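Following: one structure in structure tokens, then a few remarks.
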Amino acid sequence: MANHSTQPALSRFDEELKSISNDLLPRPFGRKGKIWTWLLLIITAIGIFFYIQQLKDGLIVTALRDYTPWGIYISNFVFFVAISLVGSLISAILKLTGASWRTPMTRISEIIAVAAIIFAAITITIDMGRPDRFLNLFFHGRMQSPIIWDVIVITTYLILSLLFLYIPMIPDLAYMRDNFKNVPKWQQKLYRKLAINWKNSPGQKDRMKQIILILSVMIIPVAFGIHTVTSWLFAATLRPGWDSTNFGPYFISGAFVVGAGGVIVAMYVFWKYLDMKKYFTDAHFDKMGKLLVLLSLVYFYFNINEYFIPAYKLKGIDSAHLQELFVGSYAWLFWSTQLIGMIIPIIVLLFKKGRKPFPMFIMSLFVIVGAWTKRFLIVVPTLNHPYIPIQRVPEEWLHYIPTIPEWFITIGTLTGALLIITLFVRLFPVVPIVETAEEHVSHEEEDK
Amino acid sequence: MNINISKIRHTLWVMLTLAMVCGSTSTAFNQEDDSPPEKNRARLTLSYYNINNTTQKLAATVKTRVEGFYTPVSDVEIQFYRNEVSEENLLGTTATGINGEAILEFKPDSDTALLTTFIAVLENNPELEDTEEEIEIKKGILNMETEEADSVRTIRIFVGEPDSEGNITPISDVEVRAYVKRLFGLMAVTEEAEYTDEEGYLEAEFPYDIPGDVNGNLTIVARVIDNDELGYLEFNKTIAWGVPNTIDREKLTKELWLSHSNVPNILLILTNILLLGIFGLIGYVIYQLFNISKLGLSN
């Protein structure tokens with residue numbers, strides 16, 4: 001944090017704060033923003049409607065049956081857990097490695113993490129035929145079960161992500177408490193309560209610096225834990241496609257890719273529609289592009305490990321599973337996922353022109369869509385290749401085609417997560433105001 | 001302006017004629033549409049089961065050709081008759097399930113005849129043509145004795161038929177198989193294609209190493225499968241010839257059915273240390289937030 005104890009620096013800091021706050025303070029949505037919010041509300045409401053139907057009639061409204069008990073709900077859950085890792089990537093890893101360019105993206109990454117992890121937990125509950133039994137996990141859970149590890153680590157990561165979102169925002173909340181008066185009373189009250197008497201005093205700043213450092217260090221192993229444990233839900237079984245020692249790092253590398261993609265999409269939207277071109281510059285896009293290429297290459301490496309060696313051996317039931325992926329009924333989805341979700345973004349983003357905002361936005365959308373379908377490909381085809389022979393079952397049990405309620409509930413969770421982000425943007429600054437002002441003043445002083 | 005009345009009249013006549021032709025054609029088409037839809041031909045098979053000489057079942061399977069393959073048809077009502085199709089000979093009616101099979105269980109005490117004809121009838125189905133299938137079944141007896149002598153366990157399966165006076169006559173050259181019931185199916189303990197001798201018996205040695213339940217009990221199943229005259233006969237016998245399958249719950253640590261009280265200590269200690277460490281630090285962070293708030297008040 002910049003030292004602004006001297007009077008001239010203080011005034012310069014206040015000037016800078018005033019100047020950037022005009023750009024960064026939350027504003028009422030325009031027409032497009034309102035349409036977007038209503039769209040999310042309507043789709044989420046449709047999802048809730050279908051979920052109520054599922055609660056009433058049970059999982060029979062889905063296509064989940066004996067052979068595919070984990071369908072798009074669990075694929076979606078893994079996707080949410082994956083994208084939530086971006087919080088630790090941008091806020092913690094880049095902070096500890098001294099990458100100061102990450103400042104404008106920290107809050108975006110944290111709100112994506114919080115929204116994603118909340119909906120990961122909701123999605124797991126949706127997948128339960130009897131959600132009223134959820135608390136049994138806490139009362140009767142067995143520590144031997146990876147599912148319990150997952151419940152514990154998701155809860156921990158949610159708490160840490162909320163703290164990591166909230167604590168660095170306290171100075172901004174105090175600034176809004178003191179200067180943001182043209183808002184309804186409830187909003188003023190909200191800022192006042194959340195600002196917890198922040199006065200920017202040295203004692204307060206020291207304590208905040210200390211706890212942010214603790215959180216930065218602590219969130220990294222927990223973030224690795226959350227996705228490693230999620231991978232163990234699969235890898236701890238003997239099923240073809242899941243029985244892999246590569247799954248932990250494979251899941252984590254994939255999670256960082258989709259997380260970075262998610263931040264770039266959000267950056268582009270704010271850059272374009274919230275007029276934040278001053279804060280998300282070409283240099284930021286360029287650096288995020290390079291980071292995405294690096295992460296994708298690491299993920300590519302793990303993909304080779306994950307598929308090449310089993311394909312070389314082609315043992316037993318693995319052979320049927322891999323042939324289904326490579327040349328069978330999932331081949332079109334498998335190859336288009338690898339191309340769209342990984343290969344094309346790597347090639348495009350290797351070029352400087354590819355790292356401009358619009359191509360970056362398109363490539364990041366590819367990455368996100370590819371990441372979702374990749375989770376589907378991890379979860380579903382394996383379930384269609386059980387060790388116990390499939391005998392005398394109805395034809396429709398052999399192929400998993402999600403039902404309309406399943407699709408709407410899943411889409412409802414995705415729009416729900418976007419709704420959390422949208423409401424956050426409406427109420428809080430997406431780019432840290434005080435931290436950005438401090439950095440600007442500090443850079444000016446260094447330049448002098 | 002000159003109006004040619006005869007031309008107009010001619011045109012009206014032509015239009016009227018066309019309308020009538022079109023109308024009659026369309027009526028003809030409609031009449032064709034009203035005709036009942038063509039029904040598919042059904043393939044009906046019928047089997048007879050006798051289990052433990054006490055339970056009798058008839059199973060009818062309905063299939064029809066769909067895209068060149070015979071596919072089971074569900075929800076088809078089948079009537080089962082004994083000897084002839086009449087009201088008083090109706091054994092019962094049941095519908096096919098998702099596997100295309102309709103099963104009717106009926107009481108054996110009503111059956112004293114030595115030779116019975118069973119008839120399955122499919123009729124008045126909106127999608128399938130009427131059809132029926134019949135089988136002639138000779139009353140058969142299947143029994144199994146178990147014997148252990150000189151450390152050799154033997155099963156003796158007998159197939160016979162009663163005569164009109166109630167005496168049992170052995171039947172030779174009947175293919176018989178013996179199995180042991182397992183969790184998901186039957187495990188064969190005799191070779192394929194073994195037949196009863198002249199006295200109606202098949203003898204087979206029973207292995208010593210088959211796991212049973214906690215008391216060593218297992219169920220041996222003897223079967224005559226789809227015999228032309230006898231149908232399916234089955235005889236089950238539970239006997240303590242298995243290896244007792246005792247589970248030492250103290251030694252098991254990973255099995256899904258274990259309770260949470262059997263967590264290995266090391267796992268319990270490690271996870272609790274981790275949780276205490278992480279939540280201790282989270283507690284410290286929250287404590288510092290309170291301190292930050294207090295400092296703000298004092299300032």
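First the proteins, then the strands, lettered A, B, ... as listed; each starts at 1. For clarity, every value in this text was computed on a predicted model and none was experimentally measured.
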Inset, instruction - Could you have a look at A:Ile152, A:Thr156, A:Leu163 and say which one has the most heavy-atom pairs with chain B under 4.5 angstrom? - result: A:Thr156
Inset, instruction - Drop me the distance from A:Trp149's CH2 to B:Leu267's CG, to the nearest 0.5 angstrom. - result: 6.5 Å
Legend entry - Atom group of B:Phe279 that falls short of 4.5 Å from chain A, counting heavy atoms: side chain
Inset, instruction - Considering only heavy atoms and a distance below 4.5 Å, find which of B:Asn291, B:Leu289, B:Leu268, B:Ile98 pairs most often with chain A. - result: B:Leu289
Inset, instruction - Could you tell me whether B:Glu127 atom CD has more than 12 heavy atoms of other residues or ligands within 6.0 Å of it? - result: no
Legend entry - Non-neighbouring partners of B:Arg223 that pass salt bridge (charged side-chain N to carboxylate O under 4.0 Å, His left out), sequence neighbours left out: B:Glu234
Legend entry - Pairwise distance CG(A:Asp206) to CD(B:Gln288) - rounded to 0.5 angstrom: 10.5 Å
Legend entry - Heavy-atom closest contact (A:Met208 atom, B:Ile292 atom, distance): N-CD1, 4.0 Å
Legend entry - Flag if over 12 foreign heavy atoms under 6.0 Å of CD1, A:Ile317: yes
Legend entry - Separation of A:Arg207 CZ from B:Tyr287 OH (nearest 0.5 Å): 7.5 Å
Legend entry - Minimum heavy-atom distance between A:Ile214 and B:Leu281, given as atom pair plus value: CG2-CD2, 4.1 Å
Inset, instruction - Give, as side chain, backbone, both or neither, the part of B:Ile278 having an atom under 4.5 angstrom from any heavy atom of chain A. - result: both
Legend entry - Atom pair CG/CE of B:Leu275 and A:Met143 - distance to nearest 0.5 Å: 6.0 Å
Legend entry - Residues, nucleotides or ligands: over 12 heavy atoms within 6.0 Å of A:Arg133 CZ: no
Inset, instruction - If a pair satisfies salt bridge (charged side-chain N to carboxylate O under 4.0 Å, His left out) and one of its residues is in residues 168-177 of chain A, list it, with sequence neighbours excluded. - result: A:Arg107-A:Asp172
Inset, instruction - Answer yes or no: does atom NZ of A:Lys193 have more than 12 heavy-atom neighbours from other residues, nucleotides or ligands under 6.0 Å? - result: no
Legend entry - Contact class of A:Val153 relative to chain B, heavy atoms under 4.5 angstrom: neither
Inset, instruction - For B:Thr271 and A:Ile148, run side chain to side chain contact (heavy atoms under 4.5 Å, CB included): C-alpha distance rounded to whole Å, both residues' side-chain angles, the deciding distance at 0.1 Å, then the answer. - result: CA-CA 11 Å; B:Thr271 44; A:Ile148 284 297; over 6 Å; no
Inset, instruction - Please say whether more than 12 non-hydrogen atoms of neighbouring residues, nucleotides or ligands are located less than 6.0 Å from NZ in A:Lys189. - result: no
Inset, instruction - Could you look at A:Ser145 and say if it's the side chain, the backbone, both or neither that has a heavy atom under 4.5 Å from chain B? - result: neither
Legend entry - Nearest heavy atoms of A:Asn197 and B:Ser293, plus distance in Å: ND2-OG, 2.9 Å
